[in-house]
Amino acid sequence: MLLDLSGKKILVTGIANNRSIAWGIAQQLHAAGAEIGVTYLPDDKGRFESKVRELTAPLTPSLFLPLNVQDSTQIEGVFQAIESQWGQLDGLVHCLAFAGKEELIGDYSATTSEGFSRALEISAYSLAPLCKHAKPLFSEGAGVVTLTYLGADRAIPNYNVMGVAKAALEASVRYLSAELGPEKKVRVNAISAGPIRTLASSAIGGILEMIHNVEEKAPLRRTVTQKEVGNTAAFLLSDLGSGISGQTIYVDAGYCINGM
């Protein structure tokens, strides 16, 4: 059986630019035949909207919607549009994370209450309301994929509050998998990608050192690409991944197996 997403309607969140992991995922989903919906983070000057619209134009997304997950009205609007224009949802890709740059360098104990709450709300909690609104729209055997990182399981220098957020996200994957699986066999999984140079990762202190460390120590002696993460997401959202749910799949050139 070949990987085929023809006829599948999949919403992709979190595309910021051509380095985004979300962009790599969207490209591979489109290549496999999926119909794509895209969200963008709205801003006062419309810069993100125009940038994401231009970038994703070759994928001909049939939905292009604003989404700030800190705004419940926008979340509702996205799923109202999905219900109106698509009628159902076959896949949801959650690539949303944020922490202030000051939270991603130095001591974890210096994390402010505001910074902690913001990071957890956007990076972890947001998956829950998205799934809540998607729940009545999910088709039989639909899939949800989110992005995590090794810092959820191990202490990574400067990753700090984002590691705590990703740990919460991975726990959410398990609880949502248990919730969404029984009725419609909806599957929920996380991809733990190795460090990749993106707009988001550039805020992490020492990101280049992290990448070079992976290149030196990973079994494949390299880091991974957005396309490779996209391939795994496409697999998980296809019928080929029908027996996988509640899991964290590592796509990191094998780095996570190392003891030292």
Side-chain angles (χ1 to χ4, degrees), residues 9-16 20-22 25-26 36-53 56 61-100 103 111-139 142-148 161-162 164-181 183-184 186-190 199-200 203 237:
K9 295 175 171 60
I10 301 176
L11 183 71
V12 180
T13 67
I15 297 174
S20 300
I21 295 178
I25 292 174
I36 300 297
V38 170
T39 70
Y40 62 90
L41 181 65
D43 66 288
D44 293 339
K45 297 183 178 179
R47 291 170 296 182
F48 290 127
E49 178 181 1
S50 60
K51 181 182 295 186
V52 177
R53 187 183 294 277
T56 59
S62 54
L63 288 175
F64 189 82
L65 302 164
L67 177 61
N68 179 343
V69 290
Q70 293 183 290
D71 185 337
S72 60
T73 302
Q74 286 189 16
I75 294 176
E76 292 173 5
V78 166
F79 290 96
Q80 287 171 355
I82 291 172
E83 182 176 18
S84 173
Q85 297 184 51
W86 282 357
Q88 69 177 39
L89 185 62
D90 302 302
L92 172 62
V93 179
H94 175 274
C95 301
L96 304 169
F98 180 81
E103 315 287 352
T111 304
T112 64
S113 174
E114 178 185 2
F116 185 93
S117 298
R118 180 178 55 192
L120 269 288
E121 180 182 4
I122 297 173
S123 310
Y125 171 71
S126 62
L127 182 61
L130 292 184
C131 285
K132 174 185 176 181
H133 287 279
K135 191 173 181 178
L137 302 175
F138 278 136
S139 60
V144 178
V145 170
T146 188
L147 295 177
T148 185
V161 71
M162 190 56 69
V164 177
K166 292 298 188 182
L169 180 66
E170 291 185 14
S172 294
V173 164
R174 292 187 285 272
Y175 280 97
L176 289 168
S177 177
E179 175 186 341
L180 299 176
E183 183 179 351
K184 293 182 180 176
V186 175
R187 298 163 291 112
V188 186
N189 293 289
L199 179 63
L237 291 169

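Starting from 1, each residue takes its place in the sequence as its number. Side chains included, hydrogens not; waters and symmetry mates left out as well; all remaining heavy atoms used.
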CA sep, side-chain torsions, deciding dist, call: V144, V173, side chain to side chain contact (heavy atoms under 4.5 Å, CB included): CA-CA 9 Å; V144 178; V173 164; over 6 Å; no
Shortest non-hydrogen contact between H94 and T13, atoms and distance: CA-OG1, 3.4 Å
R174, K135, K132 screened by side-chain hydrogen bond (donor to acceptor under 3.5 Å, both in side chains) with E179, the one that passes: K135
Heavy-atom side-chain contact between L11 and V78 under 4.5 Å: yes
Non-hydrogen side-chain atoms of T148 and T146 separated by less than 4.5 Å: no
Shortest non-hydrogen contact between L147 and K166, atoms and distance: O-NZ, 2.8 Å
Non-hydrogen atoms of L63 and A81 that approach each other most closely: CD2-O, 4.3 Å
Which atom of E49 lies closest to which atom of F64, heavy atoms considered: O-CZ, 3.6 Å
Exercise: identify the closest heavy-atom pair between S139 and Q88: CB-NE2, 3.7 Å
Side-chain heavy atoms of Y125 within contact of V69, under 4.5 Å: no
Student check: side-chain heavy atoms of F79 and L130 closer than 4.5 Å: yes
Residue pair A165 / S123: nearest heavy atoms and the distance that separates them: CB-CB, 3.8 Å
Non-neighbouring partners of E83 that pass side chain to side chain contact (heavy atoms under 4.5 Å, CB included), sequence neighbours left out: L137
